[in-house]
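Read the structure below first, then the notes.
Residue numbers begin at 1 in each chain, while the letters A, B, ... track the order of the sequences.
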Amino acid sequence: MHDIRAIKSDPEAFDAAMKRRGAEYRASDLIALDEQRVANTQAMNAAQSEQKSKSKLIGQAKAKGDEEAAKAVMAEVAGLKDEVKRLEERDRELSAELREALLPIPNALAEDVPEGADEDENAELRRWGEPRRIEGARDHVDLGEALGMMDFEAAAKLSGSRFVVLKSDLAKLERALATFMLNLHTEVFGYEEVSPPVLVLSDPLVGTGQLPKFDDDLFRAGDHWLSPTAEVTLTNLVRETILSEEELPKRMTAWTQCFRAEAGSAGRDTRGMIRMHQFSKVELVSVTTPDRSDEEHERMTGCAEEVLKRLDLPFRTMLLCSGDTGFSAAKTYDLEVWLPGQGKYREISSCSNTRDFQARRMEARFRPQGEKKPSYVHTLNGSGLAVGRTMVAVLENYQQEDGSIAVPDVLKPLMGKDRIEAAR
RNA sequence: GGACAGGUGGCCGAGUGGUCGAAGGCGCUCCCCUGCUAAGGGAGUAGGCGGUUUGUCCCGUCUCGAGGGUUCGAAUCCCUUCCUGUCCGCCA
């Protein structure tokens, strides 16, 4: 959420930021709304002040036993009551209106985000590893089904399209991958492991930016929503809190199931495990001070990259362009892993710095050392990694001519074997 | 789901209609005292909004889980709601 005071003090900057986003919002509209609010607030305060001081006079008169004087002031102040109530009501309305006006506005982009319309204009920053050209490469669906361990038909019977049933060594592989990632992030990179709920109320989703605008992407369960990512829960752990500066940076990781309606992606990635309604992901979240969030962003991206490096999966790191950067993010790096079955790089991680955008929505603050007033924290989130897609990448990159899958070195202890092959 | 009991400042905890943003204690910060340690004395110590000023010092107002009501006036009375605790039921 944008800071109305910042918009007021530099409307041109806001309008320019919206232009980069291709969004319609105008500083002048918001300022007009806020000016109404401020004028009303001042009138309200004046009326409250008068009512309060006169009520005190009544108390004083009564204390002295001067009923006459008390009655006189009571008559005087009686008329103020409705006025105060009216102004308070209006104040609530105008404050809510302003918040509702600000909530759908996307975050301002970081200065170094390249201009571009869509994902084709993202900037490739670096590559790691050599894309494997496997003769007659099969995709993960062929491989998984041939192994008898990946069953889309069974999943459809249970839950419809965009679900999968994994069995035997592939079920175990999912668990091994998640364990490997969590161990790396907690033991090497110092993230605290968290096991959060996956059903959440609306407020946390407003906090991270999924609501009010993107409810079509979410599944609903009664009063709850199914969380589309652990970013929601991990980030909202600091909602409405004031942290001390020593507590920062706060780094958290969680392995959770994620649920997405995929409303806008009918027909896309219909084959295989790339785009599911339910998938598991190891998430990384950092809460930092504003001056350190840029370096934390680099660090977090490095943590996600390290997973791919240790799994020896070729990837490239992309800086998303203006048109492809998500609503809440100021800047986003995507990691794209090489998939021999598709012959291209596919997104496997997305690491974003939202700066104070989510913090404002959540009222997540910290007290800078030596400062009286609290400031908003910066929040960052990244996948480290999407487990389902990582499995896809392992299957396709480690496939053998006979259809078996070599187990990556780092997973061998967790899998208890060095090859996944069909039961005979 | 049923029955009770609660939700007050960083923490504990007092406060059942009148000058209460709120006693007291703890913690923390600063100062004084002190040979060290310990103890003692003094001052300070929430957040939002707005104004003023950019001398961050002052002023107004709101906030005692949340929302509404009664009243000239509510932490205190009434209603609704959320949450927590305990017991029962149920259950992984």
Side-chain angles (χ1 to χ4, degrees), chain A residues 1-10 30-103 195-207 221-225 233 236-248 250 256-257 287 356 359-377:
Chain A
M1 190 164 70
H2 288 262
D3 178 6
I4 185 63
R5 279 183 283 200
I7 296 173
K8 275 158 93 173
S9 72
D10 195 351
L30 297 161
I31 292 170
L33 187 53
D34 190 60
E35 277 170 356
Q36 275 187 64
R37 193 190 112 257
V38 169
N40 188 79
T41 300
Q42 290 179 22
M44 178 184 76
N45 281 351
Q48 284 170 331
S49 180
E50 192 180 348
Q51 186 191 41
K52 192 172 179 177
S53 58
K54 291 206 167 141
S55 290
K56 279 190 183 177
L57 291 179
I58 296 171
Q60 287 167 3
K62 288 215 170 188
K64 277 186 262 171
D66 188 348
E67 290 296 324
E68 285 297 306
K71 283 234 163 59
V73 186
M74 274 164 76
E76 229 180 301
V77 81
L80 269 176
K81 216 180 135 181
D82 290 340
E83 175 74 354
V84 169
K85 195 179 281 184
R86 205 197 89 240
L87 289 165
E88 285 176 344
E89 173 66 20
R90 188 74 184 127
D91 184 64
R92 273 193 295 276
E93 282 170 18
L94 288 167
S95 298
E97 245 179 82
L98 181 65
R99 181 174 167 81
E100 275 157 31
L102 290 170
L103 281 176
S195 177
V198 295
L199 291 183
V200 295
L201 298 170
S202 295
D203 282 349
L205 290 159
V206 172
D223 290 339
H224 292 92
W225 302 86
T233 40
N236 276 281
L237 283 175
V238 297
R239 178 161 145 257
E240 287 169 34
T241 61
I242 300 177
L243 300 154
S244 66
E245 190 163 349
E246 303 86 74
E247 293 176 77
L248 303 176
K250 202 173 171 64
T256 67
Q257 295 292 329
V287 180
D356 65 359
R360 285 182 187 284
R361 293 172 157 250
M362 295 190 299
E363 283 298 313
R365 294 170 293 175
F366 76 106
R367 208 179 296 279
Q369 231 132 35
E371 296 271 329
K372 228 179 150 186
K373 290 273 178 188
S375 303
Y376 288 103
V377 297

Checklist entry - Given the P atoms of B:rG89 and B:rU80, what is the spacing between them in whole Å? => result 28 Å

Item to check | Atom-pair distance (CZ on A:Arg360; P on B:rG48), nearest Å | outcome: 12 Å

Checklist entry - Looking only at atom C1', what distance separates B:rC20 and B:rU63, rounded to whole Å? => result 13 Å

Checklist entry - Between atom CD1 in A:Ile58 and atom P in B:rG17, what is the gap in whole Å? => result 18 Å

Item to check | Rounded interatomic separation in angstrom, taking CD from A:Gln48 and C1' from B:rG21 | outcome: 15 Å

Next on the checklist: If the cut-off is 4.0 Å, is A:Gln51 near the phosphate of B:rG73, judged by side-chain N/O to OP1 or OP2?
Outcome noted: yes

Checklist entry - What integer distance in Å separates A:Ile242:CD1 from B:rU63:C1'? => result 13 Å

Item to check | Nearest-Å distance once atom C1' is located in both B:rU84 and B:rA46 | outcome: 23 Å

Next on the checklist: Please determine whether a side-chain nitrogen or oxygen atom of A:Arg92 lies at a distance below 4.0 Å from atom OP1 or OP2 of B:rG67.
Outcome noted: no

Item to check | Inter-nucleotide P distance (B:rG42, B:rG25), Å rounded | outcome: 10 Å

Item to check | Side-chain donor-acceptor contact under 3.5 Å, A:Gln48 with A:Glu88 | outcome: yes

Checklist outcome for this item: With A:Thr233 as partner, the option from A:Leu199, A:Val200, A:Val198 fulfilling side-chain contact (heavy atoms from CB on, under 4.5 Å) is A:Val200

Item to check | Distance in Å, A:Glu363 CD paired with A:Met1 CE, rounded so as to fall on 0.5 Å steps | outcome: 7.0 Å

Checklist entry - When you check the phosphate oxygens OP1 and OP2 of B:rC72, does a side-chain N or O of A:Lys56 lie under 4.0 Å from one of them? => result no

Item to check | Interatomic distance at C1', B:rG17 relative to B:rG69, whole Å | outcome: 15 Å

Next on the checklist: Does a side-chain N or O of A:Lys85 approach OP1 or OP2 of B:rU70 to a distance below 4.0 Å, or not?
Outcome noted: yes

Next on the checklist: Between P on B:rG73 and CD on A:Glu50, what's the gap in Å once rounded to a whole number?
Outcome noted: 13 Å

Checklist entry - For B:rG48, does either OP1 or OP2 sit under 4.0 Å from a side-chain N or O belonging to A:Lys373? => result yes

Item to check | Nearest-Å distance once atom C1' is located in both B:rA38 and B:rC49 | outcome: 47 Å

Item to check | Intra- and inter-strand pairs of RNA chain B in dot-bracket (Watson-Crick or G-U wobble, both distances under 3.5 Å; | for another strand) | outcome: ((((((((.[[[..)..(.....]]]((((((.......))))))((((((......)))))).[[[[[..)....]]]]])))))))....

Checklist entry - Starting at CG of A:Asp34 and ending at P of B:rG50, how long is that distance when rounded to a whole Å? => result 7 Å

Checklist outcome for this item: One should read off an interatomic distance between A:Tyr376 OH and A:Met362 CE, to the nearest 0.5 angstrom, of 10.5 Å

Checklist entry - What integer number of Å spans the C1' atoms of B:rA43 and B:rC33? => result 15 Å

Item to check | Whole-Å distance separating the CG atom of A:Asp91 from the C1' atom of B:rG60 | outcome: 14 Å

Next on the checklist: Can you tell me if A:Ser49 touches the phosphate of B:rG60, counting only side-chain N or O atoms and a distance under 4.0 Å to OP1 or OP2?
Outcome noted: no

Item to check | B:rG10 versus B:rU29 - spacing of their C1' atoms, nearest Å | outcome: 13 Å

Checklist outcome for this item: Note: for A:Ser53 and A:Arg367 on RNA chain B, the residue whose nearest nucleotide lies more 5' is A:Arg367

Checklist entry - Tell me: CG of A:Asp223 to P of B:rU81, nearest whole Å? => result 14 Å

Checklist outcome for this item: Per nearest nucleotide of RNA chain B, the residue lying toward the 5' end, A:Met74 or A:Pro374, is A:Pro374

